[in-house]
Amino acid sequence: MDLEVLRAFLVTAREENVTRAARLLHVSQPALSRQLRQLEEELGTALFLRGQHSVSLTEAGMLFRRRAQEMLSLAERARAELARSGEALTGEIAVGCNESRSMRELAEWIVAFRRTHPLVKFTLRSGGNEDIQAWLEQGAVDFGILVEPAAVARYSYVRMRSRDEWGVLVHGSSRLAARAGIRAEDLMEVPLITVMDETIHRALARWSGPYADRMMPIVHYNLLANAATLVEARAGAAVCPRPDGVREGLRFVPFDPPFRLGAQIAWKTRQVFAPAAAAFAEYLERRGG
């Protein structure tokens, strides 16, 4: 599949107009239309709904847009990794990250690694365990921070020192704000804003015991900043790890009994890495040892 055709597809999907997309791509409108038709024939499905003056993506087109973006991203990373500067180590290392205190540890490693290899760059991609494991398998990231209890048997990994203390982020006016600790039964009738991660959900369900099935999740999130905004609007209480800072008017209350989760940084065993990622894996193994 031609990368230029993927770019043409993505520009057309963004512009929702073939004539405008052709102008941006510096090709004729008939040539672009022909490329898009050939792509649909190759895939065996319609990617666009065509109107008189605009186009929009079909359901298949929306799925393919995500895949096309991933393929172009991987191609761009491959080009960057192959561009070497003399004998100096260069390239880009992609890391999938959970929202966790382990990010501080990763930050220390990145700073220390770049003291030796200042031309190496890092890309951080945020998501839950399921997202990060999918990115590892696809090659979209080189390393992933996975919250325990993650399935890491098929990966190489280093256990991180940090452990997250979990609880709820509540509005200052909430009846829960004055508590020293939150028990599972305290959350029975509280609208809950919960993290979008099945691994953490299962661990929280075990902590909640018989009360788990009687709780009321109303929103799932993958960025704590968005959950905090909902708490500010008094939509409910956000189940989350203790944040580094709490916005004015909000309060974090830990669970009682305490609920803590650790993390590992993992990478595919026997992965054929670019030089920069291979050097970082060796650095992590030394730290872990």
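What you see below is based on every heavy atom in this structure, not just the backbone, and it leaves out hydrogens, waters and symmetry mates. The shown structure was predicted, so the numbers you read here are calculated from the model rather than taken from an experiment.
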Min side-chain heavy-atom separation [X]-[Y] under 4.5 Å:
X	Y	value
Met216	Val190	no
Ile110	Lys121	no
Thr45	Leu47	yes
Val95	Leu106	yes
Cys97	Arg125	no
Leu6	Phe64	yes
Pro257	Phe259	no
Val111	Trp109	no

(request) Using the salt bridge (Lys or Arg N to Asp or Glu O under 4.0 Å) rule, collect all pairs that involve residues 226-244, keeping only residues at least two apart or in two chains. (result)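 Residue pairs with at least one partner in residues 226-244: Arg101-Asp244, Arg104-Asp244, Glu165-Arg242, Glu232-Arg247.
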Under a single-linkage definition using a 4.5 Å side-chain heavy-atom cutoff for Ile, Leu, Val, Met, Phe, Trp and Tyr, are [X] and [Y] assigned to the same hydrophobic cluster?
X	Y	result
Val195	Val170	yes
Val168	Met196	no
Leu36	Leu63	no
Tyr221	Leu187	yes
Val246	Leu223	no

Kindly say whether [Y] contributes a backbone atom to a donor-acceptor pair with the side chain of [X] at under 3.5 angstrom?
X	Y	answer
Ser73	Gln69	no
Asn129	Val147	yes
Thr229	Ala225	yes
Arg251	Gly172	no
Asp256	Arg183	no
Thr58	Ala46	yes

Quick one: closest heavy-atom pair of [X] and [Y], and the distance?
X	Y	result
Pro191	Ala235	CB-O, 3.5 Å
Ser102	Ala263	OG-CB, 4.1 Å
Leu136	Asp142	CD2-O, 3.7 Å
Leu169	Ala228	CD2-CB, 3.9 Å
Ala22	Leu32	N-CD2, 3.5 Å
Cys240	Phe252	O-CE1, 3.5 Å

(request) Could you label the plane-to-plane angle of the His220 and His201 rings as parallel, tilted or perpendicular, counting under 30° as parallel and over 60° as perpendicular? (result) tilted
In Å, rounded to the nearest 0.5 Å, how long is the span from [atom1] of [X] to [atom2] of [Y]?
X	Y	atom1	atom2	value
Arg114	Leu89	CZ	CG	11.0 Å
Arg67	Leu72	CZ	CG	13.5 Å
Leu230	Ile218	CG	CD1	7.0 Å
Met71	Arg66	CE	CZ	12.5 Å
Ile182	Leu176	CD1	CG	4.5 Å
Arg65	Phe9	CZ	CZ	7.0 Å

Checking side-chain polar atoms at under 3.5 Å, does [X] have a donor or acceptor matched by the opposite partner on [Y]?
X	Y	value
Gln29	Ser33	yes
Ser100	Asp164	yes
Ser162	Glu105	yes

Carboxylate-amine/guanidinium proximity below 4.0 Å for [X] and [Y]:
X	Y	answer
Arg154	Glu137	yes
Arg23	Glu15	no
Glu148	Arg159	yes

(request) Go through the steps to decide whether Glu40 and Arg50 satisfy the test salt bridge (Lys or Arg N to Asp or Glu O under 4.0 Å), and finish with yes or no. (result) CA-CA 13 Å; Glu40 289 177 317; Arg50 292 167 170 83; 3.1 Å; yes
(request) Any chance you could lay out the side chain to side chain contact (heavy atoms under 4.5 Å, CB included) test for Asn17 and Val55, step after step, and finish with the verdict? (result) CA-CA 6 Å; Asn17 182 283; Val55 295; 5.9 Å; no
(request) Scan Trp207, Trp166, Tyr211 and name whichever one has a ring-ring contact (aromatic ring centres under 6.0 Å, His included) with Phe255. (result) Trp207
(request) Please identify each residue that fulfils ring-ring contact (aromatic ring centres under 6.0 Å, His included) with Phe113, with sequence neighbours left out. (result)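 Counting only residues at least two positions away or on another chain, Phe113 forms a ring-ring contact (aromatic ring centres under 6.0 Å, His included) with His117, Phe280, Tyr283.
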(request) Report the C-alpha separation of Leu39 and Leu43 in whole Å, then their side-chain angles, then the decisive distance to 0.1 Å, and conclude whether the side chain to side chain contact (heavy atoms under 4.5 Å, CB included) test is met. (result) CA-CA 6 Å; Leu39 178 62; Leu43 295 172; 4.1 Å; yes
(request) Verify the neighbour count for atom CZ of Arg7: are there more than 12 heavy atoms of other residues, nucleotides or ligands below 6.0 Å? (result)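 Enclosed.
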(message) More than 12 heavy atoms of other residues, nucleotides or ligands under 6.0 Å from NZ of Lys268: yes or no?
(response) yes
(request) Just do the side chain to side chain donor-acceptor pair (under 3.5 Å) check on Glu92 and Thr123 with the steps written out, would you? (result) CA-CA 7 Å; Glu92 185 173 294; Thr123 297; 2.7 Å; yes
(message) Checking side-chain contact (heavy atoms from CB on, under 4.5 Å) between Leu204 and each of Leu261, Thr194, Val239, which is the one that passes?
(response) Val239
(request) In sequence, state the C-alpha distance, the side-chain angles, and the governing distance for Val158 and Gln264, and then conclude on side chain to side chain contact (heavy atoms under 4.5 Å, CB included). (result) CA-CA 6 Å; Val158 170; Gln264 304 104 349; over 6 Å; no
(request) Please test Met103 against Leu124 for side chain to side chain contact (heavy atoms under 4.5 Å, CB included), starting from the C-alpha separation and ending with a verdict. (result) CA-CA 10 Å; Met103 272 303 303; Leu124 305 182; 3.9 Å; yes
(request) Examine Phe143 together with Tyr157 and report whether their ring centres are nearer than 6.0 Å. (result) no
